[in-house]
Enquirer: 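Sharing a structure here in structure tokens format.
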Protein chains: 2
Amino acid sequence: MEADTPRIEEYLESIYKLQQEQHPVSTSRLAEHLKLSAPSVSEMVKKLANKRLVNHTEKGVCLTDEGNTMAKRVVRRHRLSERLLTDILGYKWDEVHDEACRLEHAISPQMEDRIALSLGNPKTCPHGHPIPDKDGVLLKEKVRPLSELKSKEKAIIVNVFEEDPKMLQYLASLGLIPDVSVLVEEVAPFGGPLIVCVSGSRYALGREVASKIKVK
Amino acid sequence: MEADTPRIEEYLESIYKLQQEQHPVSTSRLAEHLKLSAPSVSEMVKKLANKRLVNHTEKGVCLTDEGNTMAKRVVRRHRLSERLLTDILGYKWDEVHDEACRLEHAISPQMEDRIALSLGNPKTCPHGHPIPDKDGVLLKEKVRPLSELKSKEKAIIVNVFEEDPKMLQYLASLGLIPDVSVLVEEVAPFGGPLIVCVSGSRYALGREVASKIKVK
DNA sequence: ACTTCTTATTAGGTATACCTAATTCTTTGT
DNA sequence: ACAAAGAATTAGGTATACCTAATAAGAAGT
Ligand SMILES: [Mn+2]
Ligand SMILES: [Mn+2]
Ligand SMILES: [Mn+2]
Ligand SMILES: [Mn+2]
């Protein structure tokens with residue numbers, strides 16, 4: 001009864017991620033994120049519901065406790081893979097997503113342990129997201145999007161909710177990476193850009209982009 | 001035309017390995033090695049032949065040049081994975097096979113390069129088998145099975161052609177690992193055991209086992 | 001030469017996971 | 001209240017890679 005294929009893992013992981021933004025996840029959003037057709041997703045969601053990994057209501061899909069546990073295991077492997085890639089193999093943060101997305105399905109519980117141990121039990125992935133521990137416990141910090149800061153507010157970047165390599169490269173080029181301190185100099189009105197100050201330089205950042213950056 | 005699935009990789013890798021022992025590989029041998037039914041293998045071999053990755057004659061299956069090239073790429077990834085597991089993640093040589101067999105299909109050319117670089121371009125896997133380089137060039141040393149040595153002959157272990165964890169554990173417990181020097185003290189007649197001397201200790205080794213150990 | 005054993009293939013079928021086209025169900029604007 | 005738009009599902013189909021049972025082909029033994 002406990003047969004998990006890579007595909008199931010992939011769906012659970014996507015649902016998990018999308019739930020952070022929008023609680024019951026719509027099948028269309030899920031299809032978009034997985035780059036699959038809506039009917040394919042519809043069908044698969046039905047199977048996941050049969051396996052009691054998700055609840056499927058009118059409002060959308062949500063993970064059951066069991067589904068959540070399984071999703072977090074995949075997320076753990078994904079984020080540990082990312083750290084392995086950056087910390088040991090010298091990858092940049094914009095190069096790791098796709099690679100980790102394949103690795104996460106090929107990693108045994110033993111390998112998971114060994115990676116964690118070799119890396120000194122890292123708490124976050126290179127993008128600042130928490131790595132769930134063996135028991136699925138994960139500490140989320142209270143954060144808000146950079147886009148919501150007021151003028152003259154100062155904060156520290158916690159994570160970046162983005163996986164597009166181009167965007168990540170861009171952010172890294174501005175020094176907008178986790179643990180960096182940012183000062184919002186000015187907020188243009190009517191949804192205009194933010195002028196931010198990062199390690200001595202000043203940049204204009206679109207709201208859309210700024211909303212992906214979570215700070216504390 | 002160049003779509004390689006994990007399954008195709010798996011078949012090519014198995015054929016490659018089995019070719020070292022028996023040149024045209026029989027489908028039954030292949031089925032046994034892959035732990036699949038004979039008809040499944042029969043069918044898949046037909047597909048591989050269609051894709052010009054193997055030639056299938058009465059005598060059996062052999063890799064074409066293209067199949068061989070592809071197989072060596074998989075073997076490279078497999079052996080690099082094994083080295084990653086032992087050298088960086090602290091695995092023992094008997095624990096790496098199955099793990100590497102999954103990883104090899106999840107590793108991009110970029111990751112392959114990075115692993116090789118991070119490990120200092122290792123020449124062999126933990127079992128002593130050569131790692132093909134990027135261009136598929138692989139240096140095979142001239143070796144013979146330990147089982148063919150005469151009494152009083154001394155040699156150095158090059159590799160161990162075995163993937164069963166139990167057997168590998170046993171061999172490691174006797175110190176029978178690559179680069180170790182072995183002296184054959186005595187060869188019992190009628191296919192009997194060899195008495196070998198390894199780093200100061202003396203052991204009796206069955207012929208079957210000894211034939212898996214290649215020395216120079 | 002013929003029977004037996006082994007090896008390989010054909011036949012027929014299953015599960016998984018995807019697709020497009022058509023349909024139904026749900027909002028939402030007027 | 002209802003038509004149009006949008007979201008989701010159903011219907012029908014494909015590709016891949018397995019399986020068992022039955023059959024055919026090849027090798028070996030008497
Ligand atoms: Mn994935
Ligand atoms: Mn990440
Ligand atoms: Mn494999
Ligand atoms: Mn090896």
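Each chain gets a letter, A, B and so on, in the order its sequence line appears, and its residues count up from 1.
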Enquirer: Give a yes/no answer on whether the side chain of A:Y11 brings an N or O atom under 4.0 Å of OP1 or OP2 in C:dC18.
Expert: yes
Enquirer: Check the distance between C:dA15's P and A:K47's NZ and give it to me in whole angstrom.
Expert: 11 Å
Enquirer: Compare side-chain N and O positions of A:S37 against OP1 and OP2 of C:dC19 and report whether any pair is under 4.0 Å apart.
Expert: yes
Enquirer: Can you tell me how far P of D:dA27 sits from NZ of B:K59, to the nearest Å?
Expert: 10 Å
Enquirer: So that I can tick it off, tell me whether A:E163 and A:K17 are bridged by a salt bridge, with the cut-off set at under 4.0 angstrom between side-chain N and carboxylate O.
Expert: yes
Enquirer: Once you round it to whole Å, what is the distance between C1' of D:dA8 and CZ of A:R29?
Expert: 17 Å
Enquirer: What is the distance from CG of B:L36 to P of C:dT9, rounded to the nearest Å?
Expert: 15 Å
Enquirer: Which nucleotide in the set C:dC18, C:dC19, C:dT10 lies at the smallest distance from any side-chain heavy atom of B:K46?
Expert: C:dT10
Enquirer: How would you label the contact of B:T27 with the nucleic acid (heavy atoms, under 4.0 Å): base, sugar-phosphate, or nothing?
Expert: sugar-phosphate
Enquirer: Just compare D:dA17, C:dT9, C:dT7 and give me whichever is closest to any side-chain atom of B:A38.
Expert: C:dT9
Enquirer: How many whole angstroms separate atom CE of B:M44 from atom C1' of D:dC19?
Expert: 15 Å
Enquirer: Is a salt bridge present between A:R114 and B:E99, judged by a nitrogen-to-oxygen distance below 4.0 Å?
Expert: no
Enquirer: Separation of A:N50 atom CG from C:dA17 atom C1', in whole Å?
Expert: 15 Å
Enquirer: What's the closest nucleotide to the side chain of A:H56 if the choices are C:dT9, D:dT16, D:dT9?
Expert: D:dT9
Enquirer: Could you check whether A:S28 gets within reach of a base, just the sugar-phosphate, or nothing at all, counting any heavy atom under 4.0 Å?
Expert: sugar-phosphate
Enquirer: Is the phosphate of D:dT16 approached by B:R7 (side-chain N or O, under 4.0 Å from OP1 or OP2)?
Expert: no
Enquirer: Counting only side-chain nitrogens and oxygens, does B:S40 get under 4.0 Å of the OP1 or OP2 atom of D:dC19?
Expert: yes
Enquirer: Would you tell me if any nitrogen or oxygen in the side chain of B:S42 comes within less than 4.0 Å of OP1 or OP2 on C:dT10?
Expert: no
Enquirer: Looking at D:dT10, C:dA17, D:dT20, which one has an atom nearest to any side-chain atom of B:P39?
Expert: D:dT20
Enquirer: Going by an N to O cut-off under 4.0 Å, is there a salt bridge joining A:K212 and A:E162?
Expert: yes
Enquirer: Do the charged groups of A:R29 and A:E32 touch, with an N to O distance under 4.0 Å?
Expert: yes
Enquirer: Separation of A:E58 atom CD from C:dT27 atom P, in whole Å?
Expert: 9 Å
Enquirer: Can you check the B:L48 CG to C:dT9 P distance for me, whole Å?
Expert: 13 Å
Enquirer: Checking salt bridge (Lys or Arg N to Asp or Glu O under 4.0 Å) against B:E9, which of B:R76, B:R102, B:R77 comes through?
Expert: B:R77
Enquirer: What nucleic acid atoms does B:E43 come within less than 4.0 Å of, heavy atoms only: base, sugar-phosphate, or nothing?
Expert: base
